[in-house]
Amino acid sequence: MFSKILIATDLSAASHAVVQCATGLRSIGARECHLLQCMNLSEAASMAAANAKDVLEQALLNQKAVLEKSGLKVKTEVVPGFAHVEINKVANKRKCSLIVIGSHGHSLLGEILLGGVASAVIHHAVKPVLIIRVERNPKTGDVCARGETCNFIRHIFFPTDFSDNADHAFQTVKHLVGAGAKEVTLCHVQDQVRLDPHLMHRLNEFNRIDHERLAKMKEQLARIGKANIHGNVCFGHPAEKILENIDAKKTTLVVMGSQGRGFVKDIFLGSVSHNIARRAPSPVLLIPGKR
């Protein structure tokens, strides 16, 4: 499913951490990698003025070597333009099945690529996007991917609202279970805002129906692989409850449907999924809906 990946990179320490972590994608079928560096016109001019071409080329070669050591076939490319536009454009042109990008949250404000660009990429993406969280050690200053994030299929967390978009993303969960995922948690949040107060008297009914839905999903996954599978129905605000579960269960990968641009009517798979992508401590894999 994700045999050819695109990794968006720059010269930052955060990008090097993302590249090192991305070698873990071999476990879910990655075989080829397109390593992409984007530069806008001012950055390109600065690079030329500083005669920094050799620095850029060496950085890309170093990152390429890390990926090749893991067994990936790697090509590099440097393109001018706005990163969020070029990343999606090149992913389509090179027929990549997954975009990998880093996100610093609030801790690495100096790393240009891994901030607002990540948000813009996922907003416009028509390819699945994997966001890898990176952080800086406050004592040593070293930058690395957070926790066990490189072991992507140790514990997968899949929040669903049972929509068509979520069902489409569930196909990716099936693929990951088939690739050897160890543990999977399926979760549905009863949205407090929608139910309280007028539908609260039907909460038990909704819980029963949704537990049955999750049970059927568990059965499907059990036929595919040997993962330990859990189902969880909870009540509250979707984004906050999902984040609580991700943290409590020490999730190594969150898989979610993402509406992307043009699906603004679907609240859960828009603001919630992008909220999780920005705030989750674990890597988040966003699967855009069919168009």
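Below, all heavy atoms of this structure are taken into account, side chains as well, without hydrogens, waters or symmetry copies.
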Anything under 3.5 Å between a donor and an acceptor, one on a side chain of residues 63-72, the other on a protein residue two or more places apart or in another chain? List them.
unit_1	atom_1	unit_2	atom_2	d
Gln63	OE1	Thr9	OG1	2.7
Gln63	NE2	Thr9	OG1	3.1
Gln63	NE2	His16	ND1	3.3
Ser70	OG	Leu67	O	2.6

> Is any side-chain N of the basic residue among Arg208 and Glu205 closer than 4.0 Å to the acidic one's carboxylate O?
Replying inline: no
> Between Lys216 and Glu219, does at least one N-O distance fall below 4.0 Å, as a salt bridge requires?
Replying inline: no
Exercise: identify the closest heavy-atom pair between [X] and [Y]:
X      : Y      : value
Gly257 : Ala169 : N-CB, 3.6 Å
Cys150 : Cys21  : SG-SG, 2.7 Å
Pro283 : Thr252 : CD-O, 3.3 Å

May I have the list of side-chain donor-acceptor pairs in residues 222-233 shorter than 3.5 Å, sequence neighbours left out?
unit_1	atom_1	unit_2	atom_2	d
His230	NE2	Glu183	OE2	2.7
Asn232	ND2	Asn245	OD1	3.0

Roughly how far, to the nearest 0.5 Å, is the [atom2] atom of [Y] from the [atom1] atom of [X]?
X      : Y      : atom1 : atom2 : answer
Ile87  : Cys38  : CD1   : SG    : 5.0 Å
Ile7   : Ile99  : CD1   : CD1   : 12.0 Å
Ile242 : Phe158 : CD1   : CZ    : 10.5 Å
Met217 : Thr160 : CE    : OG1   : 5.0 Å

> Lys182: what forms a salt bridge (Lys or Arg N to Asp or Glu O under 4.0 Å) with it, not counting sequence neighbours?
Replying inline: none
>> Once ring pair (Phe, Tyr, Trp, His ring centres under 6.0 Å) is applied, do any residues pair with His34, and if so which ones, sequence neighbours excluded?
In response: none
> Does Phe157 have any ring pair (Phe, Tyr, Trp, His ring centres under 6.0 Å) partners at least two apart in sequence or in another chain, and if so, which?
Replying inline: none
> Short question: side chain of His124, backbone of His84 - any donor-acceptor pair under 3.5 Å?
Replying inline: no
> Is there a donor-acceptor pair under 3.5 Å between the side chain of Arg133 and the backbone N or O of Arg278?
Replying inline: yes
>> Would Leu176 and Val184 count as a side-chain contact (heavy atoms from CB on, under 4.5 Å) here? Give the steps.
In response: CA-CA 10 Å; Leu176 296 173; Val184 178; over 6 Å; no
>> Checking one residue: Phe206. Which other hydrophobic residues are in its cluster under the side-chain 4.5 Å linking rule?
In response: Leu195, Leu199, Met200, Leu203, Phe235
> Distance only, no hydrogens: is a donor on one side chain within 3.5 Å (strictly under) of an acceptor on the other, for Asp161 and Ser163?
Replying inline: yes
>> Angle between ring planes, Phe162 versus His188, binned at 30° and 60°: parallel, tilted or perpendicular?
In response: tilted
>> Within the structure provided, determine whether Leu130 and Leu25 are in side-chain contact (heavy-atom separation under 4.5 Å).
In response: yes
